[in-house]
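Below, read A as the first sequence line, B as the second, and so on, with proteins coming before strands; counting in each chain starts at 1. Below, all heavy atoms of this structure are taken into account, side chains as well, without hydrogens, waters or symmetry copies.
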Amino acid sequence: MPLPKKPVIIVTGIPILGRDGKASDRVKFRRVIFLQQLGFSFGDRESLNLRYYDNDYHYNNSIMVSQLTKSSLQIANLEKLERIRHTCAHVMAMAVQVLFPETKVTIGPTTDTGFYYDFARQQPFTPEDLTKITKQMRLIIKANLPIIREEVDRDEIKAEIEQLEESYKLEILDSIPQGATITRYYIGSPDGGRLPDVGEKLKDALPEPSLIKPVKIPKSVSWWDLCAGPHVNYTGEINHQAFALESVAGAYWRGDETKAQLQRIYGTAWETPEQLEAYLQQKAEAKRRDHRRLGKELKLFSIQEDAGGGLVFWHPRGATMRYIIEDYWRKAHLDAGYELLYTPHVANLELWKTSGHFDFYRENMFDSMDIEEQAYQIKPMNCPFHVLAYQNDLHSYRELPLRFAELGTVYRYERSGVLHGLMRVRGFTQDDAHIFCLPAQIATEIVGVLNLTEKILSDFGFKDYEVNLSTRPDKSVGTDEGWELATQALVEALNNKGWEYIEDHGGGAFYGPKIDIKIKDAIGRTWQCSTIQVDFNLPERFDMEYVAADGSRQRPIMIHRAIFGSLERFYGILIENYAGDFPLWLAPIQIRLLPVSEEQREYAESVAANLKQAGYRVELDRTGERLGKQIRNAELEKIPVVAVVGQREVEHQTLSIRTRQQGDLGAMSLVELQENLDNAIANKANV
RNA sequence: GCUCUCGUGGCUUAGUGGCAAAGCACCUCCUUGGUAAGGAGGAGAUCACGGGUUCAAAUCCCGUCGAGAGCUCCA
């Protein structure tokens, strides 16, 4: 789908270029946010992945964007912000070397929200050090030093770097291809000393870090870094109130675990303090929605130290909601022509040798266990089991497509450091399905999957998607014709659905092309959940067959697909998306009855029984607290509807309803309440 | 796994060499109260675990375990 024929203005983001300044064949995606039309407010912005190569922005491999963007002011602003961030990284590196002269510099690129710089230094940077570095950076910014670009001779700069003993920079220099222009950027005049004198003194006798103070920067000094640029012209172009140092983290030199560990300081930088403030607020909002905190507060789930990391315990309220999600999922799949499977959690290791997982996926598998001298494996994937279920019978082409679906719990080894709440765990439930079909059925089946995906995701409140189509990589199995057929089927399905997508050229799995769908949450973050993959490999490995019309044995096509991806992770996304305020159909407790005093207890009990009988998830507050406290508790537990029962309600046989969204709604009859509830539940809405 | 930060009643946190504190939750009693905290009392901690330094360790040092952030962005 082409971009809308409206002016498109890029407001943030940056293309990634190859080392030679041009894009290589495969340029990484980078999010670019654009306004659809001049005059739209920033609330109307949308995001897309664009690529930049051959001096042009490319969207979906067409050259739609170039003429609209190249001359626009916003592009200039974009580049300016990028330059500010890059310069900010240099200013930070300079500040660090002023304060801690023993530190060696490495690289300092920009990020989506700011920049970082990796340093080599024995002593760790402390949070207090960050404060000192920030102060030093402000001094450098206030000195408004010029930033000067200089093209340099390789041998000359090499000698200079050697003299400074900047071993990492030397390595970088050596990695720059011969013939490329080598540049350095000065902060301050090249004629000055490299760093303030005090820095040189510090080099001899390092004081206690606690004694290190920001150093006033004279105009005459300079600092430089080997760098491709670009930068702003003066340090004063950085707003000294629009940047902040955020954290220190470990990072490996060249991102390689076997190489030296460096200290990375992350920072954020913006053009104005207001933008910084907005960014910090977004961060605070994300923290407010953190599913780990809400999961504990709302008593949904826990992860128990005694049991081990990455293993989830679902508590009654969390389990209730999970049950509702699973129940919904099963009905939706049965309606869409799937059949349900249950398969074991462990099986003979041979199965994973056949499937190839043991060769390709071993580092994510738990060790096998010995059962009567046979190796058994806890399952990291469901697919081989579904293949075995298929192979239990001989299938006719008339039976295809067969759609097997399972909420299959798998266990994968994840390194302890990457575990994260529900988002990254060691045991999780895939909403897995495998479609076995004829080659000619692929396109129809994919459309079916896309329709089901859209229905399910939108029922959970996710209506914005970002779609990727990943095509054949260099190393792959299967025939050219097979890939062509499958890829065309995916394209056809996407076009049929009318969905815009981004083609990730060569980004497919080795066994087939795929479609990935990312959902956008309430605060604009994207999460990849759904995936649809065509597989030529497993049918081959397991020698799967069906009997064709002419009686010959043919190989079926296998389509893997998941909509939630991981039920645990999707649940975590739901918590963050709704900030714990779930729509009525999902809320673990839908209604809580609050008696004003003991006298209404009997009436409240009978109302509660009625509602429960009618299928609502209802609870009666038996704490004996005053009404105000009962309401406060219900609000803190984010219960969507409370019904107050006092003397008045008993007399009139009504309930006073208060919802989380709308507050006090006044009295209504039980029938009226049920109508309202049913309405909200049917619309999958909040009340 | 690696780097840094952090582990104090069920929860959230204070205390950073000298008697283990507070709020919430829990239990008991009083209060029968009308839309976000009524009052009083009580119980509850081997300060993650193991070792060391010290007259004295929650606090300092070493180790172990666990949690959090980061380890994709490449002069």
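Using Watson-Crick or G-U wobble geometry with both donor-acceptor distances under 3.5 Å, B:G9 finds no partner in any strand shown. B:A56 is unpaired under the criterion used here, namely a Watson-Crick or G-U wobble arrangement in which both key atom distances are under 3.5 Å. Base pairing of B:G33: no nucleotide in any strand meets the Watson-Crick or G-U wobble criterion (both distances under 3.5 Å). Pairing for B:C71 goes to B:G1, judged as Watson-Crick or G-U wobble with the two contacts each under 3.5 Å. With a 3.5 Å ceiling on both atom-pair distances, the Watson-Crick or G-U wobble partner of B:A40 is B:U28. In this structure, B:U46 makes no Watson-Crick or G-U wobble pair, since no nucleotide meets both defining distances under 3.5 angstrom.
Nearest-nucleotide positions on RNA chain B for A:Asp290 and A:Gly417 put A:Gly417 closer to the 5' end.
The closest donor-acceptor contact from the side chain of A:Arg154 to the backbone of A:Asp174 lies at 3.5 Å or more, if one exists at all. Looking only at distances, no side-chain donor or acceptor of A:Glu576 sits under 3.5 Å from a matching main-chain atom of A:Gly572.
A:Ile303 has its CD1 atom 15 Å from the P atom of B:C11, to the nearest Å. Look at CZ on A:Arg293: it is 15 Å from P on B:G68, rounded to the nearest Å. Taking atom CD of residue A:Glu414 and atom P of nucleotide B:A67, one finds them 14 Å apart after rounding to whole Å. Going from atom CZ of A:Arg121 over to atom P of B:C4 covers 12 Å, rounded to whole Å. Rounding to whole angstrom units, CZ of residue A:Arg415 and C1' of B:U3 are separated by 13 Å. Computed from coordinates, the A:Glu297 CD to B:A25 C1' distance equals 13 Å when rounded to whole Å. For the pair A:Leu311 CG and B:G66 P, the interatomic distance rounds to 12 Å; values are reported in whole Å.
Judged by the 6.0 Å distance and 45° axis criteria, A:Arg412 is not positioned over the aromatic ring of A:Phe366. For the pair A:Arg85 and A:Phe115, the cation-pi test (distance below 6.0 Å, angle within 45°) is failed. In this structure, A:Arg601 fails the cation-pi test against A:Tyr603, since its NZ or CZ atom is not both closer than 6.0 Å to the six-membered ring centre and inside 45 degrees of the ring normal.
Proximity of A:Tyr116 to the phosphate of B:C71: no side-chain N or O atom is located under 4.0 Å from OP1 or OP2. Residue A:His420 places at least one side-chain N or O under 4.0 Å from the OP1 or OP2 atom of B:A69. Between A:Lys296 and B:G10 there is no side-chain polar atom (N or O) within less than 4.0 angstrom of OP1 or OP2.
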Where along nucleotides 33-49 of chain B does protein come under 4.0 Å, by heavy atom, of base (B) or sugar-phosphate alone (S), with - for untouched nucleotides?
-> BBBBBB-----------
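The heavy-atom pair separating A:Val687 from A:Gln661 by the smallest distance is O-CG, 2.6 Å.
By the neighbour-count criterion of 12 heavy atoms within 6.0 Å, atom NZ of A:Lys158 is sparsely surrounded, having that number or fewer from other residues, nucleotides or ligands.
Contacts of A:Leu594 with the nucleic acid, taken as non-hydrogen atoms under 4.0 Å apart, are absent.
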